[in-house]
There are 2 protein chains.
Amino acid sequence: MQPMTRESPTFSPLYQQIKSLILQALEGGEWLPGQSIPSEQDLAVRFGVSQGTVRKAIDELSSENILLRRQGKGTFVASHHDPRALFRFLRLVPVGGGVSQPVSVPLECWRARAGQEAARNLGVAMGSSIIIIRRLLKFAEKPVVVDELYLPGDVFQSLTLEMLQDWNGSLYSLFETRFGVRMIRASERIRAVAAERATAEMLGVKEYTPLLSVERIAYTYGDRAVEWRRGLYSTADHCYLNELS
Amino acid sequence: MQPMTRESPTFSPLYQQIKSLILQALEGGEWLPGQSIPSEQDLAVRFGVSQGTVRKAIDELSSENILLRRQGKGTFVASHHDPRALFRFLRLVPVGGGVSQPVSVPLECWRARAGQEAARNLGVAMGSSIIIIRRLLKFAEKPVVVDELYLPGDVFQSLTLEMLQDWNGSLYSLFETRFGVRMIRASERIRAVAAERATAEMLGVKEYTPLLSVERIAYTYGDRAVEWRRGLYSTADHCYLNELS
DNA sequence: AAGTGGTCTAGACCACGTC
DNA sequence: ACGTGGTCTAGACCACTTT
């Protein structure tokens with residue numbers, strides 16, 4: 001592999017090309033979440049570039065939380081099994097300051113056809129098969145979030161309510177393990193809404209209580225949207241924490 | 001300058017030490033926001049290290065939005081005058097998808113003594129002098145946010161309501177220009193609350209309308225807290241956008 | 001001792017912006 | 001033509017982990 005010259009219309013730095021090749025390998029399942037990838041030196045030989053160039057590619061993938069470097073041990077494919085990954089996608093902290101692990105309680109799971117909004121958010125055709133999940137998130141036995149998720153049916157074909165209930169771990173670790181779908185990034189749109197009666201009951205708050213409405217679109221490799229969800233957060237005992245930097 | 005050995009109890013990589021020295025120079029006002037800093041080669045000579053080491057230090061400062069590299073031109077001290085810096089600290093987008101610049105409308109500005117909460121959040125002694133600002137944020141003539149800010153009195157001594165009203169630009173660009181205080185990062189805690197009567201009137205919504213309560217602590221160099229604010233956001237036409245990555 | 005990532009250096013050349 | 005940051009290389013040595 002050689003650096004292209006400015007003459008090339010598709011010019012990009014060598015380390016970016018290496019980064020793409022590594023991403024391809026990841027997407028193709030050559031190295032699975034939790035496993036180590038080859039050493040920098042091996043990859044340098046494989047791609048025919050210097051170790052420094054591989055290093056720079058891995059640096060970026062590492063800062064994007066796609067790979068994880070561990071000195072002396074190697075470089076690993078990031079996994080949602082890692083408890084540190086949890087807070088990345090669930091930015092809820094107790095208002096008092098303590099710590100407690102969330103417990104996911106799946107309520108329903110059914111098939112449907114994509115409406116206009118779901119189709120747009122998931123990047124699929126209207127009328128195509130989708131899966132809808134409703135679920136509760138509890139902290140220390142107390143319900144804090146009620147979620148509704150929309151997933152593309154083709155990707156999550158064999159998903160059932162039982163599978164969700166039998167799994168103890170995050171949804172994303174289930175998706176990663178059972179469906180080979182690893183969430184890379186997401187964007188959330190947050191608004192304030194009043195609790196409707198059914199929601200209020202599930203969360204144990206009064207009707208019309210202000211709640212956070214958190215709408216998320218999550219993406220896997222190649223910026224492909226594979227989840228659209230809307231959560232209603234009770235912020236009596238927890239708040240959404242965001243670090244601006 | 002030389003790399004320390006593992007024997008040293010204060011071991012840190014050379015490039016981290018260079019990074020600290022650059023931060024010191026920034027904090028000391030050696031290079032002001034918007035200005036360029038010396039070239040990598042000059043800094044390498046000044047600090048007695050290789051260009052690559054300076055480069056790595058600047059890389060990190062650049063990824064933290066403290067410096068800004070421009071190929072062919074040089075490396076610049078980031079400034080809140082840069083319109084791109086605005087969205088970093090105000091993650092509001094129109095729900096329709098259009099674009100419009102916010103306009104800040106200062107309402108009040110007065111002196112007070114720090115209570116327990118303000119003292120804790122600003123890292124000052126209880127009873128010390130603080131400044132409180134109330135202000136409205138409008139998008140396309142419509143009020144969307146009402147803010148209350150708490151600032152340490154010693155840092156912002158000469159601040160007046162007139163100064164705020166005469167300034168057209170963001171608050172942070174005022175702080176940077178008039179008080180030499182540059183905000184580096186902030187952390188926000190978001191909850192949902194019901195609008196009180198006075199707030200509802202200012203935002204043009206009904207009493208008890210659900211609003212976002214966004215509480216922010218902002219930090220300058222050396223992780224020193226220099227602002228505590230609470231904003232109430234009307235999310236009828238705008239929503240808070242957060243990218244999880 | 002061997003293998004991994006982490007740091008540091010020196011030098012070559014490219015791409016961008018200004019003079 | 002010159003100066004700036006951006007890329008790429010090759011090699012040395014350090015720090016951490018495992019064998």
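Basis for what follows: all heavy atoms, side chains included, without hydrogens, waters or symmetry-related copies. As the structure is a computational prediction, the values presented were derived from the model and not from experiment. Sequence lines set the chain letters: A, B, ... in the order given, protein chains first and strands last, and positions in each chain run from 1.
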Under 3.5 Å donor-acceptor, Glu64(A) side chain and Ser245(B) backbone: no
Single hit among Phe179(B), Phe156(B), Trp228(B) for side-chain contact (heavy atoms from CB on, under 4.5 Å) with Leu151(B): Phe156(B)
Side chain of Ser50(A) - closest among dT7(C), dT9(D), dT9(C): dT9(D)
Check: His80(A) ring centre within less than 6.0 Å of Phe175(A) ring centre: no
Contact under 4.0 Å: Lys73(B) side-chain N or O vs dG5(D) OP1/OP2: no
Between dT7(D) (P) and Ile58(B) (CD1): distance, integer Å: 14 Å
For atom OH of Tyr15(B) and atom C1' of dA15(D), their distance in whole Å: 13 Å
Nucleotide of dT4(C), dG5(D), dT7(C) approaching Thr75(B) most closely (side-chain heavy atoms): dG5(D)
Nearest-nucleotide 5' precedence on DNA chain D, Gly72(A) against Lys56(A): Lys56(A)
Value in whole Å for how far the P atom of dT7(C) lies from CD of Gln17(B): 12 Å
Sugar-phosphate only, base, or nothing, as touched by Gln71(A) at under 4.0 Å among non-hydrogen atoms: base
Gap between atoms CZ and C1', on Arg70(A) and dT17(D) respectively (whole Å): 11 Å
Gap between atoms CD and C1', on Gln51(B) and dA12(C) respectively (whole Å): 12 Å
Separation of atom CG in Asp59(A) from atom P in dC8(D), rounded to whole Å: 13 Å
Interatomic distance, Gln41(A) CD vs dG3(C) P [rounded to whole Å]: 12 Å
Among dA15(D), dG6(D), dT9(C), the one nearest Arg69(B) by side-chain distance: dG6(D)
For atom CG of Leu68(A) and atom P of dG5(C), their distance in whole Å: 12 Å
Asp59(A)/Tyr15(A) under side chain to side chain donor-acceptor pair (under 3.5 Å): CA gap, chis, key distance, verdict: CA-CA 10 Å; Asp59(A) 274 345; Tyr15(A) 75 90; over 6 Å; no
Heavy-atom side-chain proximity of Leu21(B) to Arg46(B) below 4.5 angstrom: no
Nucleotide nearest Thr53(A) when distance is taken to its side chain, options dC8(C), dC8(D), dT17(D): dC8(D)
Nucleotide nearest Glu40(B) when distance is taken to its side chain, options dG17(C), dT9(D), dG6(D): dG6(D)
Given dT7(D), dT9(C), dG5(C), the nucleotide with the shortest approach to the side chain of Arg55(A): dG5(C)
